[in-house]
Structure formats: structure tokens, C-alpha cells
Amino acid sequence: MLREARDDLGKLIEAKTCYKAGNYFAEVVEALEIKEALSWIKSNNWQKVEIETDSLLTVQAIRSDHNMSSTFGLITKDCHALLLSLIDVKLRFIKRSANRVAHAVARHARFFPGCSIFEYNVWPDLKDLLYSECF
């Protein structure tokens, strides 16, 4: 899993990786990722934040009032409640092709679980990708 925070100019504030062993459905992993991001935002008292994900299903489920009695449903319900408790935090869907940084870091997450990535320790290939998306 990956959480990445950038400022309003696109500069990396911090990225966090997390690797959890196991077999989970993709939608459950996406929902857990968003829940972790929301918790991270809350613990840092951040405001005016946009969360981007390439999982349309997860975005729709979190925005929905429909109750689902499944693991996915319970996680999205938690996400919905967290989202409502935060100030000016938006969740939006973006196409997978626009989410290249997240996928690059996620591929490395299994080698660096629990790692925090900052401007000073980001590897060169990722730095190039990060800033190519800003322009």
C-alpha cells in the first residue's frame, strides 16, 4: 500500500509504504488504502486535502449510503465516517494512467515495508516521475 502527500505545487511532503502479506480482493485493498490515508490525514490534522484513487468502485462505495455486509462494505463505511470527520478533504477518482507514481512506489513497497519517503531520500527514478507529473 502507498500513501503519498504533496503540497499544492506538487512537491513531495511524504510518502509511506506498507506491505501486508495475504490474499485480498483488489477492492478490499483499495478501500484499506483509502482508510489508511484518511487516518494519516487525521493524525496530521491536515486540511484542504485531495485523495486520488484509480478505483471507481471504491469511490462510489464510500460516497454511497448503501450498507453492504461484507469486508469491503465495512471498510468503506469506516472511510465514509472518517471522510465526514475531516475538514475540506475530497476523494476523487482518477484514471490509472494518471496514477503512475503510486504504482511505482507500490511495486517497491514489498522491499521497503513501513518506509517513509521524503524529498531527501526519494530514489532518482521516482523523483523524475514525481516531478514529470507536475508539469
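For the single chain, residues carry numbers from 1 onward in sequence order.
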Determine all donor-acceptor pairs shorter than 3.5 Å in which one atom belongs to a side chain in residues 41-48; sequence neighbours excluded.
from	atom 1	to	atom 2	distance (Å)
Ser43	OG	Ser39	O	3.4
Ser43	OG	Trp40	O	3.0
Asn44	ND2	Trp40	O	3.0

Which side-chain N or O atoms in residues 64-76 pair as donor and acceptor under 3.5 Å with protein atoms at least two apart or in another chain?
from	atom 1	to	atom 2	distance (Å)
Ser64	OG	His66	N	2.9
Ser70	OG	Gly73	N	3.0
Thr76	OG1	Phe72	O	3.1
Thr76	OG1	Gly73	O	3.0

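For the atom pair Phe93 CZ and Ile51 CD1, the distance stands at 15.5 Å (nearest 0.5 Å). Here the CD-CG distance, from Glu30 to Asp54, works out to 5.5 Å after rounding to the nearest 0.5 Å. Put simply, CG on Leu56 and CD on Glu27 are 13.0 Å apart, with the number rounded to the nearest 0.5 Å.
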- Show the numbers, then the answer: is there a side-chain contact (heavy atoms from CB on, under 4.5 Å) between Leu83 and Ile62? CA-CA 9 Å; Leu83 197 54; Ile62 291 170; 4.2 Å; yes
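Looking at Arg63 and His80, their side chains never come closer than 4.5 Å, going by heavy atoms from C-beta outward. At least one side-chain heavy atom of Leu91 sits under 4.5 Å from a side-chain heavy atom of Thr53.
A pairwise comparison of heavy atoms in Val89 and Leu86 identifies CG2-CB, 3.6 Å as the closest pair. Of all non-hydrogen atoms in Leu38 and Cys79, the two that sit nearest each other are CD1-O, 3.5 Å.
Using a 4.5 Å cut-off between side-chain heavy atoms of Ile, Leu, Val, Met, Phe, Trp and Tyr, with links allowed through other members, Ile34 and Ile87 fall into different hydrophobic clusters.
Within the structure, salt bridge (Lys or Arg N to Asp or Glu O under 4.0 Å) contacts touching residues 71-89 (residues at least two apart or in different chains) are Lys35-Asp78, Asp88-Lys90.
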